[in-house]
Amino acid sequence: MRKIVYYVASSIDGYISGLNDDVSGFIYEGDGVQKYLNDLGSYDTVIMGKNTYEFGYKHGLKPGQPAYPNMSHYIFSNSLTFKQQENSVHVCPRELSEIELIRNQSGTDIYLCGGGIFAGWLLDNELIDILKIKLNPIILGQGVRLFGGSQKAFKAELVDSQVYEKGLQIITFNIMY
């Protein structure tokens, strides 16, 4: 079964964006960012919630287009529709059975591209296998939490930790349920 990898930028205080989806304080260049971009090339499937997909509109993504051309997209929403969508873009209801269908397909591990609410739902259902945090040296104080409103407690096993310029770290954990 394919693993779900939550690979996400976070502030020191656990926010994946600030108020009004502000991500301007995150690091966008350097070896750590290049490592992340190279890592994305190893995935053939991405899952995300509606808000994360629509966040891409602010950065030039057109509705129905893939955000990552090399990946099949599964957007979990009970309300999102497109007039036109590319074959690699699929909208699925937020149901556990849909996640299991994707996990049981052949392919690489699955890239979970945020957001906090969707990640929290996956965590609550013990479906995130690996957490890769691009820890940015900022404190946001408020915004979108790493796992939304999830109250799920879990342990994590440190697998790897790399420090890059400007204080960016990429820290990898196995989630232990």
Side-chain angles (χ1 to χ4, degrees), residues 2-63 65-76 86 88-89 107-123 127-148 150 154-176:
R2 296 161 55 167
K3 293 180 179 177
I4 295 178
V5 181
Y6 188 23
Y7 201 158
V8 61
S10 177
S11 65
I12 293 169
D13 56 342
Y15 291 95
I16 61 175
S17 70
L19 284 179
N20 301 314
D21 296 326
D22 181 15
V23 292
S24 63
F26 289 107
I27 295 171
Y28 283 97
E29 57 187 29
D31 291 345
V33 174
Q34 192 57 53
K35 163 79 171 127
Y36 163 71
L37 294 173
N38 290 344
D39 288 350
L40 288 186
S42 69
Y43 296 100
D44 65 7
T45 304
V46 60
I47 60 174
M48 65 186 78
K50 175 186 175 198
N51 293 342
T52 298
Y53 183 78
E54 290 179 336
F55 177 77
Y57 299 167
K58 296 178 183 180
H59 301 280
L61 182 68
K62 303 288 185 226
Q65 287 184 330
Y68 305 97
N70 61 308
M71 298 181 209
S72 293
H73 289 56
Y74 294 89
I75 306 159
F76 286 80
E86 295 195 25
S88 63
V89 176
T108 67
D109 285 343
I110 300 162
Y111 168 47
L112 167 56
C113 178
I117 295 170
F118 184 56
W121 177 74
L122 290 170
L123 182 72
L127 291 170
I128 298 173
D129 301 292
I130 298 170
L131 173 61
K132 290 186 80 142
I133 297 177
K134 295 178 295 186
L135 188 63
N136 284 255
I138 58 173
I139 297 171
L140 294 174
Q142 53 188 328
V144 177
R145 304 257 337 141
L146 186 63
F147 292 105
S150 175
F154 64 89
K155 291 184 180 183
E157 172 189 38
L158 180 65
V159 174
D160 189 41
S161 178
Q162 297 290 319
V163 179
Y164 298 91
E165 68 272 9
K166 300 182 183 177
L168 181 71
Q169 297 179 55
I170 298 180
I171 308 166
T172 305
F173 298 95
N174 286 329
I175 305 291
M176 313 297 285

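Along the sequence shown, residues carry numbers from 1. Since this is a predicted model, take the numbers as computed values, not measurements.
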### Query
Angle class for the Tyr57/Tyr53 ring planes (parallel below 30°, perpendicular above 60°, tilted otherwise)?
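Perpendicular.
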
### Task
Classify the angle between the aromatic ring planes of His73 and Tyr68 as parallel (below 30°), tilted (30 to 60°) or perpendicular (above 60°).
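Geometry flag for Tyr68 against His73: parallel rings.
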
Backbone N or O of [Y] within a donor-acceptor pair of the [X] side chain at under 3.5 Å?
| X | Y | value |
| --- | --- | --- |
| Asp22 | Ser24 | yes |
| Asp44 | Thr108 | yes |
| Asn70 | Tyr43 | yes |
| Thr52 | Gly115 | yes |
| Gln142 | Leu19 | no |
| Ser17 | Val23 | no |

### Query
Quick one: are Leu122 and Ile47 in side-chain contact, heavy atoms under 4.5 Å?
yes

Can you give me the closest heavy-atom contact between [X] and [Y], atom names plus distance?
| X | Y | value |
| --- | --- | --- |
| Ser88 | Met71 | CB-O, 4.0 Å |
| Asn174 | Val159 | ND2-CG2, 3.5 Å |
| Ile117 | Asn51 | CD1-ND2, 4.4 Å |
| Leu146 | Tyr6 | O-OH, 2.7 Å |
| Asp160 | Leu158 | O-CD1, 3.5 Å |
| Glu29 | Glu165 | O-OE2, 4.4 Å |

Enter the distance from [X]:[atom1] to [Y]:[atom2] here, rounded to the nearest 0.5 Å.
| X | Y | atom1 | atom2 | result |
| --- | --- | --- | --- | --- |
| Leu112 | Leu123 | CG | CG | 10.5 Å |
| Ile12 | Ile133 | CD1 | CD1 | 11.5 Å |
| Ile75 | Phe118 | CD1 | CZ | 10.5 Å |
| Leu135 | Ser11 | CG | OG | 8.0 Å |
| Leu131 | Phe173 | CG | CZ | 6.5 Å |
| Tyr164 | Gln169 | OH | CD | 10.5 Å |

### Task
Could you walk me through whether Arg145 and Tyr15 pass the side-chain contact (heavy atoms from CB on, under 4.5 Å) test, one step at a time?
CA-CA 4 Å; Arg145 304 257 337 141; Tyr15 291 95; 3.3 Å; yes

Around [X], counting heavy atoms of other residues, nucleotides and ligands shown, do more than 12 lie under 6.0 Å from its [atom1]?
| X | atom1 | result |
| --- | --- | --- |
| Lys3 | NZ | no |
| Ile4 | CD1 | yes |
| Lys155 | NZ | no |

### Message
salt bridge (Lys or Arg N to Asp or Glu O under 4.0 Å), that's the test. Do Asp39 and Lys35 meet it? Break it down for me.
### Response
CA-CA 6 Å; Asp39 288 350; Lys35 163 79 171 127; 2.9 Å; yes

### Ile128 vs Phe147, side-chain contact (heavy atoms from CB on, under 4.5 Å): CA-CA, chis, key distance, verdict
CA-CA 11 Å; Ile128 298 173; Phe147 292 105; 3.8 Å; yes

### Query
What's the verdict on side-chain contact (heavy atoms from CB on, under 4.5 Å) for Lys134 and Tyr7, showing C-alpha distance, side-chain angles and the deciding distance?
CA-CA 7 Å; Lys134 295 178 295 186; Tyr7 201 158; 3.8 Å; yes

